[in-house]
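The structure appears below as structure tokens.
Numbers restart at 1 for each chain; the letters A, B, ... are given by sequence-line order, proteins then strands. Note that the coordinates shown come from a computational prediction; the quantities given were computed from them, not determined experimentally. All values below were derived from every heavy atom in this structure, side-chain atoms included, with hydrogens, water molecules and symmetry-related copies excluded.
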Amino acid sequence: MPELPEVETVKRALSRKVTGKNILNVESNFVKIVASPDFKIFKKNIIGKKIESLSRRGKFLLFHLNGNKIMISHLRMTGHWLVAPKIVKNKFIHLIFQLSGGQAMAYSDIRKFGRIWLIDTKELEKFKPILKLGPEPLGTEFNFEEFSQKLAKNRSRIKVVLLNQQVVAGLGNIYVDEVLYESGVRPLRPANRLKMAEKKQIFEVIRKILAKAIKFRGTTVVNFTTPEGKGGDFQKQLKVYGKKGHKCPRCKGEIKRIVVAGRGTHYCPKCQK
DNA sequence: ACTAGCCCCTGGGAGC
DNA sequence: TGCTCCCAGGGGCTAG
């Protein structure tokens with residue numbers, strides 16, 4: 001499931017392949033993927049546009065087009081982008097963009113949870129899904145004082161708080177479990193009862209793990225592949241996610257799996273206090 | 001203003 | 001082997 005490191009990996013790979021290309025045509029067999037505007041308008045407005053650059057905000061991928069347009073993509077669970085001279089169609093490919101230079105770019109999504117928007121540049125500051133996001137964890141705006149204060153005000157379990165994109169943008173289920181393991185904090189601890197040292201640890205581990213995961217080009221657990229069709233390599237670095245019944249790498253105790261806020265949650269009862 | 005729970009989707013694994 | 005059931009989960013939405 002694509003979280004910040006996976007979206008960053010997609011952004012970097014797509015940037016290399018599609019920057020400077022013009023969108024010649026777009027076809028869809030499942031127009032609901034485009035959340036807004038209506039697909040007819042989306043198509044009319046995007047044809048002829050040039051992809052000038054790509055960026056990322058949290059788990060959102062932004063295609064900056066000329067003519068002051070931005071195409072925004074959220075991959076949710078199983079979305080991914082492909083670039084190839086010819087896209088081999090299948091029932092999971094919902095959008096195909098014909099690009100200049102003989103390339104095509106496609107959006108594939110098995111579970112169809114992903115969404116795409118086309119907005120004017122000036123609408124970006126009013127675009128609620130991005131407007132609401134907390135700081136970028138790898139940016140300078142991610143500041144311990146603010147992070148600590150947000151936790152102090154929140155009685156929810158730390159796992160829930162870290163999944164909340166308004167607290168910090170980009171973490172999902174896999175990296176939250178890994179961050180809490182590495183920080184030695186149990187997922188069920190109420191955020192407002194964490195000691196300062198524990199919050200500091202979590203703050204630093206978030207940055208450390210995300211940066212490392214980007215180096216490994218993300219985690220391939222279920223359906224994530226880069227636009228080259230390669231998986232990431234971070235799954236070899238996972239310590240607890242999906243490791244129920246395995247030995248804890250630190251204490252050799254057993255990794256447990258519980259459900260927190262409807263999410264599978266993995267932790268070591270001995271190492272995480 | 002907040003939160004809990006539902007909903008969107010389909011492949012794959014478990015159970016029989 | 002083949003069927004059914006249920007789980008995976010990000011985030012928007014609704015009800016309370």
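Taking A:Q149 as the reference, nothing meets the side-chain hydrogen bond (donor to acceptor under 3.5 Å, both in side chains) condition, with sequence neighbours excluded. A:K243 pairs by the salt bridge (Lys or Arg N to Asp or Glu O under 4.0 Å) definition with nothing, not counting sequence neighbours. For A:R12, the salt bridge (Lys or Arg N to Asp or Glu O under 4.0 Å) partners at least two apart in sequence or on another chain are A:E8. For A:K86, there are no salt bridge (Lys or Arg N to Asp or Glu O under 4.0 Å) partners at least two apart in sequence or on another chain. Under the ring pair (Phe, Tyr, Trp, His ring centres under 6.0 Å) criterion, A:H94 pairs with A:F30, sequence neighbours left out. Scanning for side-chain hydrogen bond (donor to acceptor under 3.5 Å, both in side chains) contacts around A:R57 gives A:E136, with sequence neighbours left out. The salt bridge (Lys or Arg N to Asp or Glu O under 4.0 Å) test applied to A:K215 returns no partner, not counting sequence neighbours.
The ring pair (Phe, Tyr, Trp, His ring centres under 6.0 Å) contacts involving residues 151-207 of chain A comprise A:F142-A:F203, A:F144-A:F203, A:F147-A:F203, A:Y175-A:F234, where partners must be two or more places apart or lie in separate chains. The side-chain hydrogen bond (donor to acceptor under 3.5 Å, both in side chains) analysis of residues 39-51 of chain A, with sequence neighbours excluded, yields the pairs A:E27-A:K43.
Closest of all the heavy-atom pairs between A:L118 and A:P37 is O-CD, 3.6 Å.
Contact footprint of chain A on DNA chain B: nucleotides with an atom under 4.0 Å from a non-hydrogen protein atom, first to last in 5' to 3' order, B:dC8 to B:dG11.
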Base-contact (B) and sugar-phosphate-only (S) positions in nucleotides 10-16 of chain C, heavy-atom cut-off under 4.0 Å, - elsewhere | BBS----

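Where A:F92 and A:S156 each meet DNA chain B at their nearest nucleotide, the meeting point lying more 5' is that of A:S156. With the nearest nucleotide of DNA chain B identified for both A:R115 and A:N154, A:N154 has the one nearer the 5' end.
Annotation: the terminal axes of the helix from B:dC2-C:dG16 to B:dC16-C:dG2 meet at 50°, where each axis is the rotation carrying the C1' atoms of four end pairs onto the next four (5 pairs per end, rounded to 10°).
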